[in-house]
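Basis for what follows: all heavy atoms, side chains included, without hydrogens, waters or symmetry-related copies. Predicted model, so just to flag it, every value in this text is computed and none were measured.
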Amino acid sequence: MGGILLAFVAVDAIGVAIVFDLLHLRLLGLVVAGAAIVLALAGYRDSNSERVRTVTVAALFLLLLFLPQALLIAEQPPNAPIIDGVLVNDVAADRLLSGHDPYVGDYLNTVMRTFYLSDVPVNFGLSRLVYPPGMMLLDVPLRALHNNRANLSWLYLPALLALAAGAWSVGRTTAEKQAALIVVALDPLFQLDYLYLLNDVFFLAPALGGVGMLRRGRPIAAGVLFGLALAMKQQALLFLPLLVLYAYQYLARREALGLLLAGAAVAGAIILPFFIWDPRAFLAGTAGFFYGSGVASYPIRGIGLQGVLLSRGLIGSRWDSFPSAQLQVPLLAIALVAAVRDLRRRWSWTRYWAWLGVEAMIVFGFGRGLSPNYLDLTIAFFLLALGSALVGEPPVGAVAGDVEGSPSGGREVIVPAENQPGHLPAV
């Protein structure tokens with residue numbers, strides 16, 4: 001992973017220097033960028049100590065992602081232009097505090113401007129609330145302060161820390177943990193997404209944490225985290241189909257049921273009140289927006305099939321209809337059948353991440369839009385597979401404690417999968 005880390009840090013350091021320059025802190029930016037490169041060279045690549053490498057990766061996360069994010073948020077002036085995902089959730093929280101259904105009506109008449117999208121002159125993100133209510137509910141305490149500076153952007157800082165914790169938990173060995181943190185938190189593509197306040201971090205953090213809890217044999221905790229992820233953003237659904245297979249093969253029936261009930265209880269407690277409030281408005285925002293057509297729906301954009309057809313003139317307008325579901329569903333079914341056959345022969349988390357990347361590629365590539373953050377998310381899944389393959393992973397099985405601080409004196413104790421309760425032989 002040393003070469004990948006150095007490549008990531010080199011690009012990240014340029015991004016950090018640019019951010020600091022925009023904040024009129026050019027010298028400090030150069031110092032931070034230089035320190036990050038030295039750390040990557042001396043602390044990770046040239047060190048044989050796992051503890052030193054861990055501290056190095058953590059320090060790089062703070063220098064290259066958390067620090068510039070904190071400065072950008074702290075320096076934003078009141079009513080500054082801000083991305084629509086933050087803006088809409090802020091106004092949705094305000095509407096909820098005033099007793100109105102946030103899924104009813106559009107968000108065009110807001111007091112703050114949004115970022116201009118070069119490929120779409122009209123900001124489609126203001127047509128309605130298109131996210132599940134989780135992010136909006138997190139935002140409610142801040143909006144209750146009635147301060148223009150108290151907006152969702154401040155929650156990106158604890159969300160980034162949660163993302164780092166979730167990525168770290170994905171691994172079972174120290175090398176796996178480091179690799180996951182590198183490819184999730186230090187990926188230069190994601191650095192740009194995070195600094196622009198794209199909101200994938202809010203669902204990705206608990207989703208990764210859910211995988212980590214599942215690998216540690218804690219299905220109830222995993223279910224709670226997956227429920228939270230589903231309540232934050234629809235993309236969390238990608239994680240679930242193949243995890244059902246994992247639960248079927250490697251969990252006892254009672255544990256698998258606990259996983260399902262915990263996830264359903266948490267997601268339902270957050271989502272169902274808004275669905276019951278106005279089912280039509282809720283579904284129009286969270287589902288119809290992405291599969292409908294017209295100026296109130298997601299426009300065709302990006303480099304997926306739909307974008308190629310639009311650029312070739314085979315689709316007349318970016319707001320025309322496009323048979324997304326008719327393409328996604330059969331292709332996804334074929335991919336899942338192949339994934340199940342592969343993973344039943346031999347489950348590995350490397351293969352799980354790779355198949356998750358295939359799922360995302362199908363869903364986003366044949367949907368109405370393959371936006372940059374969707375592409376980056378797909379790449380992140382493949383990078384998780386690559387990182388896991390490069391460092392190796394322990395065999396699938398029950399673990400007696402964490403690798404660090406386990407009852408076995410810091411060594412992972414694996415029970416072979418065939419001795420697991422509820423294990424079914426592969427066919």
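Under the 4.5 Å side-chain criterion, counting only non-hydrogen atoms from C-beta, F290 is not in contact with S324. Annotation: side chain of L208 is not in contact with side chain of W168 (no heavy-atom distance under 4.5 Å). For the pair Q76 and N151, the minimum side-chain heavy-atom distance is below 4.5 Å. At a threshold of 4.5 Å between non-hydrogen side-chain atoms, the residues Q235 and Y374 count as touching. With contacts defined as side-chain heavy-atom distances shorter than 4.5 Å, the pair F61/L161 qualifies. Two residues are said to be in side-chain contact when any heavy atoms from C-beta on lie closer than 4.5 Å; L152 and L142 fail this criterion. Using a 4.5 Å cut-off on side-chain heavy atoms (C-beta onward), F203 and Y131 make no contact. L65 is not listed as a side-chain neighbour of L186, based on a closest heavy-atom distance of 4.5 Å or more.
The ring pair (Phe, Tyr, Trp, His ring centres under 6.0 Å) test applied to F275 returns no partner, not counting sequence neighbours. Applying the ring pair (Phe, Tyr, Trp, His ring centres under 6.0 Å) test to F282 and every residue at least two apart in sequence or in another chain returns Y103. Take I4 and apply the side chain to side chain contact (heavy atoms under 4.5 Å, CB included) test, not counting sequence neighbours, and it matches M1, F8, L386, L390. Legend: residues meeting side chain to side chain contact (heavy atoms under 4.5 Å, CB included) with L327, ordered by chain and number and at least two apart, are L305, F322, F366. Evaluation of the side chain to side chain contact (heavy atoms under 4.5 Å, CB included) rule for A265 yields no partner, not counting sequence neighbours.
One distance of note links CZ of R215 with OH of Y250; it measures 12.0 Å at 0.5 Å rounding. Distance check: I37 CD1 to L60 CG gives 10.0 Å after rounding to the nearest 0.5 Å. In this structure, CZ in R95 is found 4.5 Å from OH in Y107, a value given to the nearest 0.5 Å. Put simply, CG on L383 and CH2 on W353 are 12.0 Å apart, with the number rounded to the nearest 0.5 Å. For the atom pair CG of L23 and CD1 of I18, the computed distance is 12.0 Å after rounding to the nearest 0.5 Å. Distance check: T54 OG1 to Q178 CD gives 4.0 Å after rounding to the nearest 0.5 Å.
Smallest separation of non-hydrogen atoms from P206 and V201: CD-O, 4.5 Å. Scanning both residues, Q306 and R368, for their nearest heavy atoms gives CG-O, 3.2 Å. Across all their heavy atoms, L331 and I362 have their closest contact at O-CD1, 3.6 Å. The heavy-atom pair separating L251 from P219 by the smallest distance is CD1-CB, 4.3 Å. Nearest heavy atom pair, residue P132 against residue L230, reads CG-O, 3.7 Å. A pairwise comparison of heavy atoms in L197 and S153 identifies CD1-CB, 3.7 Å as the closest pair.
The closest donor-acceptor contact from the side chain of N199 to the backbone of V86 lies at 3.5 Å or more, if one exists at all. Checking side-chain atoms of R53 against main-chain N and O of T174 turns up no donor-acceptor pair under 3.5 Å. The main-chain N or O of M136 is never found under 3.5 Å from a side-chain atom of R143 such that the two would form a donor-acceptor pair. Using modelled atom types, no side-chain atom of E75 and backbone atom of L71 make a donor-acceptor pair closer than 3.5 Å. For the pair S388 (side chain) and L384 (backbone), a donor-acceptor distance under 3.5 Å is absent. The backbone N or O of S317 lies less than 3.5 Å from a partner atom in the side chain of D320, making a donor-acceptor pair.
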Side chain to side chain contact (heavy atoms under 4.5 Å, CB included), that's the test. Do V170 and K177 meet it? Break it down for me.
CA-CA 6 Å; V170 161; K177 294 171 184 285; over 6 Å; no
Take L242 and L356, measure what side chain to side chain contact (heavy atoms under 4.5 Å, CB included) needs, and give me the verdict at the end.
CA-CA 8 Å; L242 296 179; L356 187 57; 5.7 Å; no
Evaluate side chain to side chain contact (heavy atoms under 4.5 Å, CB included) for L377 paired with F190, printing each intermediate quantity in order.
CA-CA 8 Å; L377 182 63; F190 257 19; 4.0 Å; yes
Candidate pair L237 and L240, rule side chain to side chain contact (heavy atoms under 4.5 Å, CB included), full reasoning
CA-CA 6 Å; L237 287 168; L240 301 187; 4.2 Å; yes
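Each salt bridge (Lys or Arg N to Asp or Glu O under 4.0 Å) pair with one or both residues in residues 22-42, not counting sequence neighbours, appears once here: D21-R26.
Side-chain contact check for N89 and D139: no donor-acceptor pair (N or O, by modelled atom type) lies under 3.5 Å.
F66 and Y194 have their aromatic ring centers separated by at least 6.0 angstrom. Checked against the 6.0 Å centroid threshold, F202 and Y156 count as a close aromatic pair.
Ring geometry for Y352 against W349 counts as perpendicular: the plane angle is over 60°, on a 0 to 90° scale with 30° as the lower cut.
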